[in-house]
Amino acid sequence: GRGELQDVLQVKDLLVVFHGRDVSHLAWSPNTNITQIPKRIEFVVATKDFKLVLYHLDMADNPRFTEFGRHTGLINETAFSPNDASLLASVSDDYTCKIWDVNKMQEISQIQLRSPGVSVNFHSDSPTQLMVAEEHGKIGFYDTRSHKAVTSLQTPGPLGGAHWAPGELNLVAATAGHEVFFWNIAKSSVPTDSRMLLMQQAQTIRWDRSNSNLYGVIGRMKGGVFSIYHRAHQKIPTSMKEPTLKGLTWHYTAPLCATSS
């Protein structure tokens, strides 16, 4: 997969940012735009010393960055609202989900969890709801205004990660052990389908933004395994093994994804 992609893709470095601290997660702001003037890149970095840092880059000057919040444990995931670039959520090993106003650089609210938070998502078609996945197996949906629980999904056990499909409002997937489970949340709170994965301890899962049949999974096993799957058949479109794979992001409009090692 990687060799074939190198033949058809040309990658150009726009900017290189030296952060100086180990990173546990990165979230792209919907304010990011490199196709129209003024060009800008914005993202939030979660550091391994439990802090949140907002970066602003205008493609010309030195990057501006502001540290605006923190947890008391490792931050496992962060997510911007696709409808409101000022709204960010973060989940942590400290048993909390925190919601932030990045414009005001302050915490808006906090949701107390029963186990470490592993994943957090907003959805553009449901702007007042937030999905939070916990390690012990709970996937909860919360109202972003009242911060109260709306509903939850029944899961088969401890979760590695979860993702609310950007292109399909009722589709949620989560990894547990060496399986991935799927929910149609409009029909049931129990999984409607599942699939065995060719890896141990699957962790990160991300739906393709442009095709809700494709999803990528990263495994926890030593050496790191990344695979792309299709919901409709068992054939794996691509797979690769690299040391310590971390992070997974899809292009907004094309079936292209990136991970790091």
Student: Which heavy atom of Ser90 sits nearest to which heavy atom of Trp100, and what is that distance?
Tutor: OG-NE1, 2.9 Å

Student: With heavy-atom distances below 4.5 Å as the criterion, would you say the side chains of Leu248 and Cys257 are in contact?
Tutor: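 Sidechains of Cys257 and Leu248: in contact.
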
Student: Please examine the side chains of Arg209 and His251, heavy atoms only from C-beta on, and report whether any two atoms are closer than 4.5 Å.
Tutor: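 Side chain of His251 against side chain of Arg209, heavy atoms only: no contact under 4.5 Å found.
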
Student: State, yes or no, whether a side-chain contact exists between Pro38 and Asp58 at a heavy-atom distance under 4.5 Å.
Tutor: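 Heavy-atom side-chain distance check fails, nothing below 4.5 Å.
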
Student: Does any donor atom in the side chain of Ser24 or Asp22 lie under 3.5 Å from an acceptor atom in the other side chain?
Tutor: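 On atom types as modelled, these side chains do not qualify, holding no pair under 3.5 Å.
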
Student: State yes or no: do Leu214 and Phe226 share one hydrophobic cluster built from I, L, V, M, F, W and Y residues joined by side-chain heavy-atom distances below 4.5 Å, directly or via other members?
Tutor: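 Result: yes, single cluster for both.
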
Student: Is there a side-chain contact between Ser210 and Thr253 (heavy atoms, below 4.5 Å)?
Tutor: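 A side-chain contact is absent here, since even the closest heavy-atom pair is not under 4.5 Å.
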
Student: Between Glu134 and Arg114 (side chain of the first, backbone of the second, donor and acceptor by atom type, cut-off under 3.5 Å), is there such a pair?
Tutor: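 Yes; at least one donor-acceptor contact below 3.5 Å.
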
Student: Identify the heavy atoms of Asp84 and Ser86 that sit nearest to each other, and give their distance.
Tutor: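 Asp84 and Ser86 have their closest heavy atoms at OD1-OG, 2.6 Å.
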
Student: Parallel, tilted or perpendicular: which describes the rings of Trp183 and Phe181, with under 30° parallel and over 60° perpendicular?
Tutor: tilted

Student: Only counting residues at least two apart or in another chain, list the ones meeting side-chain contact (heavy atoms from CB on, under 4.5 Å) with Glu168.
Tutor: Ala165, Leu171, Ser212, Arg231

Student: Tell me whether Val91 shares a hydrophobic cluster with Leu88, the cluster being built from Ile, Leu, Val, Met, Phe, Trp, Tyr side chains joined at under 4.5 Å.
Tutor: no

Student: Locate the shortest heavy-atom distance separating Phe182 from Ala173; write the atom from each residue and the value.
Tutor: CD2-CB, 3.9 Å

Student: Using modelled atom types only, decide if a donor and an acceptor are shared between the side chain of Ser115 and the backbone of His136 within a distance under 3.5 Å.
Tutor: yes

Student: Quick one: pull up CG in Leu113 and CG in Asp93 and give me the separation to the nearest 0.5 Å.
Tutor: 11.0 Å

Student: Can you give me the closest heavy-atom contact between Ala133 and Ala162, atom names plus distance?
Tutor: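 Smallest interatomic distance, heavy atoms only, reads CB-CB, 3.7 Å.
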
Student: In terms of the angle between their ring planes, are Phe141 and Trp164 parallel, tilted or perpendicular, with boundaries placed at 30° and 60°?
Tutor: perpendicular

Student: With the side chain counted from C-beta on, respond yes when Tyr55 and Val45 share a heavy-atom pair under 4.5 Å apart, and no when they do not.
Tutor: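 When only atoms from C-beta onward are counted, Val45 and Tyr55 do touch, with a gap below 4.5 Å.
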
Student: Would you call Leu197 and Tyr229 a side-chain contact if the rule is heavy atoms closer than 4.5 Å?
Tutor: yes

Student: Has Trp207 got a side-chain atom pairing as donor or acceptor with Gly167's backbone, closer than 3.5 angstrom?
Tutor: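 No, because the side chain of Trp207 does not come within donor-acceptor range (under 3.5 Å) of the backbone of Gly167.
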
Student: Tell me every residue that passes side chain to side chain donor-acceptor pair (under 3.5 Å) with Ser109, counting only those two or more places apart in sequence or in another chain.
Tutor: His147

Student: Taking Gln203's backbone N and O only, do any of them form a donor-acceptor pair with Thr175's side chain (distance below 3.5 Å, no angle check)?
Tutor: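 Checked: pair present.
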
Student: Find out if a path of hydrophobic residues (ILVMFWY) with successive side-chain heavy-atom gaps under 4.5 Å connects Ile228 to Ile218.
Tutor: yes

Student: Do His163 and Asn121 come within less than 4.5 Å of each other through their side chains, counting heavy atoms only?
Tutor: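 A side-chain contact under 4.5 Å exists here.
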
Student: Is it the case that more than 12 heavy atoms not belonging to Phe50 sit under 6.0 Å from its CZ atom?
Tutor: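 For Phe50, atom CZ is crowded (more than 12 foreign heavy atoms under 6.0 Å).
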
Student: Any side-chain donor-acceptor pair under 3.5 Å between Thr96 and Gln110?
Tutor: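 No, Gln110 and Thr96 have no side-chain donor paired with an acceptor closer than 3.5 Å.
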
Student: I want to check something: taking the side chain as every heavy atom from C-beta on, are Pro116 and Tyr95 in contact at a cut-off of under 4.5 Å?
Tutor: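 They are in contact (side-chain heavy atoms under 4.5 Å apart), so the answer is yes.
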
Student: With distance as the sole test, does Asn76 use its side chain to make a donor-acceptor pair with the main-chain N or O of Gly117 at under 3.5 Å?
Tutor: yes

Student: Can you name the residues that form a ring pair (Phe, Tyr, Trp, His ring centres under 6.0 Å) with His25, not counting sequence neighbours?
Tutor: none

